[in-house]
Amino acid sequence: NAGVTQTPKFRVLKTGQSMTLLCAQDMNHEYMYWYRQDPGMGLRLIHYSVGEGTTAKGEVPDGYNVSRLKKQNFLLGLESAAPSQTSVYFCASSYDPGGRTDTQYFGPGTRLTVL
Amino acid sequence: LAKTTQPISMDSYEGQEVNITCSHNNIATNDYITWYQQFPSQGPRFIIQGYKTKVTNEVASLFIPADRKSSTLSLPRVSLSDTAVYYCLVGDKADSGYALNFGKGTSLLVTP
């Protein structure tokens, strides 16, 4: 049981390049999330998904796209990277669709630098 | 989402009890209070969650007064490995749209 894994761990891009970050979870969770964390800041939600085939915008969605084609995977795409997207990206998943509370399980993060 | 206020940083010596208080004056009736811990270069990790009174697990205790406008995370006998950022979150999943407002958290430094 690996929990939540993220690929890659590090990446350096040039402005205008594109890339996809992969998040995978093996806990059969319904919900998945993408956050970004900038130095000295808390986490900000980019996009999330409440089930396979569904996605929704979070607090800071501009410049990112996501897809949830399989329940266990949640992809975050940057079509044209900008230096402002330099950040650490965290993926998380959670299970409890029926309750009022939830516990999110986080991956180890992807450190992205855009030059 | 209810706004939370917690100290930016705290220092402690090994073996001491650490109490981190979070203010959430506009907490709603259905809101739960959740604390996460984040070590450097890692994702946040769930510590404890509660609605009212006191909750205790193997890691920490959470004290919530009757008016629920604040909460206190208590870490007994901290060690160096408890150095981390601690986030207080308040919300109800149905109302928050599944978004968690992590804020900047409290950076705890434990020294020998």
Is there side-chain contact between A:F90 and B:Q38, with heavy atoms separated by less than 4.5 Å? yes
Heavy-atom pairs under 4.5 Å with chain B, option from A:G109, A:G42, A:C91 with the top count: A:G42
Where does A:Q37 contact chain B at under 4.5 Å (heavy atoms): side chain, backbone, both or neither? side chain
Please determine whether residues A:L76 and A:V50 belong to a single hydrophobic cluster, defined as Ile, Leu, Val, Met, Phe, Trp and Tyr linked transitively by side-chain heavy-atom distances below 4.5 Å. no
How close do B:Y36 and A:Q104 get, counting heavy atoms only, and between which atoms? OH-N, 2.9 Å
Residues, nucleotides or ligands: over 12 heavy atoms within 6.0 Å of A:K71 NZ: yes
Under a 4.5 Å heavy-atom cut-off, does chain A meet the side chain of B:S107, its backbone, both or neither? neither
Nearest-0.5 Å distance, CD1 of residue B:I48 to OG1 of residue A:T103: 11.5 Å
More than 12 heavy atoms from other groups under 6.0 Å of CD on A:E79: no
Would you give the length of the straight line joining atom OH of A:Y105 to atom CZ of B:R45, rounded to the nearest 0.5 angstrom? 11.0 Å
Could you see if A:L45 belongs to whatever hydrophobic cluster contains A:V88? Use Ile, Leu, Val, Met, Phe, Trp, Tyr and a side-chain cutoff under 4.5 Å. yes
Between A:V60 and B:L89, is there shared hydrophobic-cluster membership here, with clusters defined by ILVMFWY side-chain heavy atoms closer than 4.5 Å? no
Can A:L78 be reached from A:Y35 by stepping across I, L, V, M, F, W or Y side chains whose heavy atoms are under 4.5 Å apart? no
